[in-house]
Number of protein chains: 2
Amino acid sequence: MNAADAPRPRMTRQRREILDALDLSEFRSAQAWHERLRSEGSTIGLATVYRALQSLAESGEVDAVVAESGETLYRRCEAGEEHHHHLRCRVCGKAVEIDVPDFEAFAAAIGREHGYGDILHTIELTGVCPECAARAGA
Amino acid sequence: MNAADAPRPRMTRQRREILDALDLSEFRSAQAWHERLRSEGSTIGLATVYRALQSLAESGEVDAVVAESGETLYRRCEAGEEHHHHLRCRVCGKAVEIDVPDFEAFAAAIGREHGYGDILHTIELTGVCPECAARAGA
DNA sequence: CGCCTTATCGACAATGATTATCAATTGCAG
DNA sequence: CTGCAATTGATAATCATTGTCGATAAGGCG
């Protein structure tokens with residue numbers, strides 16, 4: 001838990017490109033981000049995209065969620081923002097950031113109750129957004 | 001959402017073996033269950049274990065959680081029990097079943113608020129159990 | 001009780017996401 | 001500017017999981 005043990009990575013062209021692309025706030029797989037970058041003329045390699053996204057996820061600069069298919073999806077999250085959660089559409093993937101006010105406290109309480117410490121939690125909420133529901137309802 | 005559209009599977013030797021092994025209430029990967037069965041003399045195939053665990057997970061007879069490594073872990077859950085959650089130790093894997101009283105309602109409310117329907121949720125709580133904490137604290 | 005249809009098996013190949021390898025490149029400290 | 005270690009990218013390797021397909025056996029029927 002030491003912020004100093006993470007040497008800031010070099011600011012390479014590739015890393016800049018990725019940070020840049022991430023401005024499209026939308027969940028995509030590493031491979032999808034790679035494709036997009038390529039299609040925009042970048043010559044960045046797939047492995048580099050994986051490495052960058054992972055390190056960004058660790059440092060908290062991007063959100064990573066695991067899709068049902070097992071692939072990991074990444075999206076930029078607000079700079080310096082705290083831990084938060086999303087409600088994602090199962091059909092189109094659109095995500096809304098939500099607020100789970102007392103969950104942190106709740107999680108800690110549950111942990112204490114069972115003697116567990118250092119509690120982490122992941123909440124995945126998925127549903128069907130209005131548009132997709134309308135389309136499917138036809 | 002029709003319980004009748006799931007034809008009950010044939011009760012084969014293999015399926016019985018799996019159901020049997022699952023009595024050890026502990027999260028293990030499909031591969032780990034397979035190994036255990038083999039080590040006990042079974043000749044069951046890996047693909048069969050995967051298939052059985054998946055169908056059991058769908059019918060709600062076992063719990064499936066996705067580990068950080070990406071592999072899926074399975075464990076038997078109480079017969080006919082409702083949707084529930086676990087607090088799992090990140091170190092030794094031991095899991096406690098927990099109660100998240102109003103979360104269902106909360107999830108539905110969040111969904112409604114954003115116009116999303118058919119909400120599903122996954123909650124993953126992980127921590128460090130007392131034993132592991134003691135061991136690590138040394 | 002045997003037969004037959006068909007679900008299920010199991011060995012193995014195939015897939016698909018992610019990770020490791022390693023020589024070439026390039027930030028960036030001095 | 002120089003040099004070295006961090007980073008890159010093409011590619012091979014991993015690893016969990018799924019597909020394939022001939023062989024086997026569950027279980028309904030006569």
Side-chain angles (χ1 to χ4, degrees), chain A residues 4-22 26-59 61-75 93 124, chain B residues 4-22 26-59 61-75 93 124:
Chain A
D5 56 17
R8 41 209 150 302
R10 289 185 183 171
M11 185 50 62
T12 63
R13 171 178 55 80
Q14 293 82 346
R15 203 173 178 82
R16 211 187 316 277
E17 285 178 355
I18 291 177
L19 254 0
D20 230 48
L22 281 166
E26 194 178 339
F27 279 109
R28 287 171 187 281
S29 68
Q31 315 221 33
W33 283 117
H34 176 244
E35 271 181 45
R36 166 165 281 274
L37 284 165
R38 286 305 194 114
S39 79
E40 308 221 320
S42 172
T43 62
I44 197 170
L46 179 56
T48 303
V49 176
Y50 271 102
R51 284 185 289 242
L53 288 174
Q54 268 172 206
S55 89
L56 288 170
E58 265 173 49
S59 67
E61 295 173 73
V62 302
D63 287 325
V65 302
V66 178
E68 299 153 60
S69 66
E71 52 187 356
T72 307
L73 307 178
Y74 299 92
R75 174 181 123 154
E124 280 280 332
Chain B
D5 57 17
R8 41 209 149 304
R10 288 184 186 174
M11 185 51 60
T12 62
R13 170 177 56 81
Q14 293 81 349
R15 202 174 180 83
R16 211 187 317 276
E17 284 178 356
I18 292 178
L19 254 359
D20 230 50
L22 281 166
E26 195 179 338
F27 278 109
R28 286 172 186 279
S29 67
Q31 316 222 30
W33 283 117
H34 176 244
E35 270 181 47
R36 165 165 281 274
L37 285 165
R38 285 303 194 120
S39 79
E40 310 221 318
S42 172
T43 60
I44 198 170
L46 178 57
T48 302
V49 175
Y50 271 103
R51 283 185 289 241
L53 287 175
Q54 268 172 208
S55 90
L56 288 170
E58 265 174 47
S59 67
E61 294 173 72
V62 302
D63 287 325
V65 302
V66 179
E68 299 153 59
S69 66
E71 53 187 354
T72 306
L73 306 179
Y74 299 92
R75 173 181 125 156
E124 281 280 331

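Proteins come first, then strands; the chains are lettered A, B, ... in the order of their sequence lines, and each starts at number 1.
Mapping B/Thr43 and A/Met11 onto DNA chain C by nearest heavy atom places B/Thr43 at the nucleotide closer to the 5' end. Annotation: of the two residues near DNA chain D, A/Arg15 and B/Ala30, the 5′-most nearest-nucleotide partner is A/Arg15. The nearest heavy atom of DNA chain D to B/Ser29 and to A/Thr48 marks one nucleotide each, and the one closer to the 5' end goes with A/Thr48. Between B/Thr12 and A/Gln54, the one whose closest nucleotide on DNA chain C sits nearer the 5' end is B/Thr12.
The distance from atom CZ of A/Arg10 to atom P of C/dA29 is 9 Å, rounded to the nearest whole Å. Atoms CG (B/Leu53) and P (D/dA16) sit 15 Å apart, rounded to a whole Å. Summarising the geometry, the separation between CD1 on A/Ile44 and C1' on C/dA24 is reported as 17 Å, rounded to the nearest angstrom. One can place CD of A/Gln31 at 8 Å from C1' of C/dT18, the figure rounded to the nearest angstrom. In this entry the distance linking NE2 of A/His34 with C1' of D/dT11 reads 13 Å, nearest Å. The distance from atom OH of B/Tyr74 to atom C1' of D/dA16 is 10 Å, rounded to the nearest whole Å. Regarding B/Leu46, its CG atom lies at a distance of 14 Å from the P atom of D/dC15, rounded to whole Å.
Here the closest non-hydrogen pair linking B/Thr43 and B/Arg38 is O-NH2, 3.6 Å. Across all their heavy atoms, B/Tyr74 and B/Ala57 have their closest contact at CE2-CB, 4.2 Å. Smallest separation of non-hydrogen atoms from B/Glu71 and B/Ser29: OE1-CB, 3.9 Å. Closest non-hydrogen pair, A/Val49 versus A/Ala30, comes out as CG1-O, 3.6 Å.
For D/dA10, the OP1/OP2 oxygens have a side-chain nitrogen or oxygen of A/Arg38 closer than 4.0 Å. Residue B/Tyr50 places no side-chain N or O under 4.0 Å from the OP1 or OP2 atom of D/dT18. Within the structure, every side-chain polar atom (N or O) of A/Thr72 is placed at least 4.0 Å from both OP1 and OP2 of C/dA17. Contact check, A/Gln14 against D/dT7: no side-chain N or O comes under 4.0 Å of OP1 or OP2.
B/Arg16 comes within 4.0 angstrom of nothing in the nucleic acid, heavy atoms only.
Just one residue in the list A/Arg16, A/Arg15, A/Glu17 forms a side chain to side chain contact (heavy atoms under 4.5 Å, CB included) with A/Leu19, and that residue is A/Arg15.
Contact annotation: side chain of A/Arg13 to base of C/dG27, donor-acceptor pair absent below 3.5 Å. In the interface, the side chain of A/Arg51 is paired with the base of D/dG9 through a donor and an acceptor atom under 3.5 Å apart.
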